[in-house]
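This report concerns only the one structure given below.
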Amino acid sequence: MKVKVGINGYGTIGKRVAYAVTKQDDMELIGVTKTKPDFEAYRAKELGIPVYAASNDFLPRFEKANFEVAGTLEDLLNEIDIIIDTTPGGMGEKNKTLYENVGVKAIFQGGEKANVAETSFVAQANYENAIRKNYVRVVSCNTTGLTRTLNAIKEYIEYVYAVMIRRAADPNDIKRGPINAIKPSVEVPSHHGPDVQTVIPINIETTAFVVPTTIMHVHSVMVELKKPLTKEDVIDIFENTTRVLLFEKKKGFDSTAQLIEFARDLHREWNNLYEIAVWKESINIKGNRLFYIQAVHQESDVVPENVDAIRAMFEMADKWESIKKTNKSLGILK
Ligand SMILES: NC(=O)C1=CN([C@@H]2O[C@H](COP(=O)(O)OP(=O)(O)OC[C@H]3O[C@@H](n4cnc5c(N)ncnc54)[C@H](O)[C@@H]3O)[C@@H](O)[C@H]2O)C=CC1
Ligand SMILES: O=C(OP(=O)(O)O)[C@H](O)COP(=O)(O)O
C-alpha cells in the first residue's frame with residue numbers, strides 16, 4: 001500500500017517535495033494547495049497534480065479565473081495519510097490544529113520552531129527518532145547542511161564555531177533583499193547552532209550574515225577537536241558520507257556559481273543540488289582545529305529529508321534502506 005501524501009503550500013520547497021514524492025514507488029501524491037491560480041497552479045494541473053484551494057477564503061480567486069480546483073485543504077486532508085506543510089515560516093504552527101483535528105500526520109519545515117513537532121530531523125543523523133511519530137520538523141536548509149557534515153565527525157568534536165553566509169532571496173523572489181549590503185544577524189548565536197542541537201547533541205555556536213546572492217548559502221566551519229584527525233581522515237570521512245560531495249577549486253569550482261552549473265550539467269530538475277558541497281582544499285587542520293568551507297543549495301537540500309521523514313513516520317523502511325531508495329530516485333550521487 002502506498003502512503004497518500006498532500007502538500008500544503010506549493011512554493012519553492014513544496015513543488016520540489018511534490019516532485020520527489022512522485023518519484024517514490026511507495027508514495028502517492030494526492031494533491032497540492034495553492035492560494036491563487038498563478039502559473040505554478042496551471043503547471044501543476046498540466047502535470048496532472050490535483051490542485052486544491054488552500055482554504056475556503058481563496059476559492060473566489062479560482063472561480064474568477066475559471067480555474068477548477070479539486071476542493072479545499074479540508075477535502076485534501078480527508079484523502080491523505082500525511083501532509084507536508086511547506087507554507088511560509090510560522091504558518092505551519094497555525095495549521096497544525098487543522099491537521100490534528102483530522103488526525104493526519106504532518107511534516108513541518110525549518111521556518112517553524114522546534115516545538116511544533118515531536119522531533120527535528122536530518123535523516124542520516126537521527127532517522128530513528130522519527131519512527132512512528134505524528135509530527136516531525138525537517139530543519140532549515142542551513143541546519144541540514146551543518147548537521148550532515150558535523151554528524152559525520154561528531155565523535156571528534158569538542159566545540160564548533162560556524163559562520164553562515166546566507167543568500168538574500170531565492171531566485172524567484174522579488175520581495176527580499178538586501179541587494180547592495182551585507183546584513184548581519186545581531187543575535188548571537190544565530191538560530192542555526194541551537195537548531196543543530198535539536199538533532200545532534202554537540203557544542204556549537206553560529207553567527208550569520210545575509211549577502212546579495214540568490215543561488216546558495218556558504219558556511220565557514222571551525223571545529224575544536226577532542227581527538228586527533230588528519231586532513232586525509234576528514235577527506236575520507238566526507239567521501240564516505242551520504243549527501244555530501246567534495247568539490248575541487250583546481251577543477252574550476254571557484255564559487256557557488258560553478259556548483260550550480262554542475263547541477264545544471266547533470267540536468268537536475270530545477271538545477272537542484274541535493275548534496276552539501278564541501279571544497280576539498282578548504283579542509284585543513286591547524287593544531288587541534290579543523291577548518292572547512294561548504295555550500296548549501298537552499299532550495300533543494302531538504303527535499304530528500306522530507307521523503308525519508310515520511311518513511312520513518314510510517315515505519316516503511318529502516319534508515320539506510322530509505323536513504324538509499326531516496327538517493328536513487330532523485331539521482332543523488334552518493
Ligand atoms: N526557500 C528556502 O530556501 C527554504 C525554505 N525552507 C522552509 O520551507 C518553508 C517554505 O518556504 P519556501 O518554500 O521558501 O516558501 P515559498 O514562499 O516559496 O512557498 C510557500 C508557499 O505557500 C503558499 N502559501 C502562503 N500562504 C498560504 C496558506 N495560508 N496556505 C497554504 N499555502 C500558503 C505561498 O503562496 C507559497 O506558494 C518555510 O518554513 C521555510 O523556512 C526550508 C529550507 C530552505
Ligand atoms: O528557511 C529558509 O528560507 P527562508 O529564509 O526563505 O525562510 C532557509 O532554510 C534558510 O533559512 P535560515 O538561514 O534561517 O536557515
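Counting starts at 1 for both ligands and their atoms, in listed order. All of these numbers come straight from a predicted model, not from anything done at the bench.
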Return the protein residues near ligand 2 (heavy atom under 4.0 Å from any of its atoms), ordered by chain and residue number. Ser140, Cys141, Asn142, Arg166, Arg167, Arg176, His191, His192, His217
Any side-chain to backbone donor/acceptor pair from Glu275 onto Leu333? Under 3.5 Å, distance only. yes
State whether Glu79 and Lys4 are salt-bridged, where the test is any N-O pair (Lys NZ or Arg NE/NH1/NH2 against Asp/Glu carboxylate O) under 4.0 Å. no
Would you list the atom pairs, donor with acceptor, under 3.5 Å between side chains in residues 153-161 and any protein atom, with sequence neighbours excluded?
from   : atom 1 : to     : atom 2 : distance (Å)
Lys154 : NZ     : Asn151 : OD1    : 3.0
Glu155 : OE1    : Lys227 : NZ     : 3.1
Tyr161 : OH     : Thr207 : OG1    : 3.2

Those residues at least two apart in sequence (or on a different chain) that pass ring-ring contact (aromatic ring centres under 6.0 Å, His included) with Tyr292 are Phe238
So, does Thr119 use its side chain to make a donor-acceptor pair with the main chain of Val136 at under 3.5 Å? no
Report every pair formed by an N or O atom of ligand 1 and a protein N or O atom separated by less than 3.5 Å, giving atom names and the distance to 0.1 Å.
from     : atom 1 : to     : atom 2 : distance (Å)
ligand 1 : 1 (N)  : Asp170 : OD2    : 2.6
ligand 1 : 3 (O)  : Arg167 : NH2    : 2.9
ligand 1 : 3 (O)  : Gln298 : O      : 3.4
ligand 1 : 13 (O) : Thr12  : N      : 3.4
ligand 1 : 13 (O) : Ile13  : N      : 2.9
ligand 1 : 18 (O) : Thr12  : N      : 3.0
ligand 1 : 18 (O) : Thr12  : OG1    : 2.8
ligand 1 : 39 (O) : Gly111 : N      : 3.1
ligand 1 : 41 (O) : Gly111 : N      : 3.2

Does this structure show an ion pair linking Arg311 with Glu321, if we count only N-O contacts that are shorter than 4.0 Å? no
If the threshold is 4.0 Å, N to carboxylate O, is there a salt bridge linking Arg167 and Asp173? no
Within 45° of the axis and under 6.0 Å from the centre of the six-membered ring of Phe291, does NZ or CZ of Lys286 qualify? no
I'd like to check Thr241 versus Gln124 (side-chain heavy atoms, cut-off strictly below 4.5 Å). Are they in contact? yes
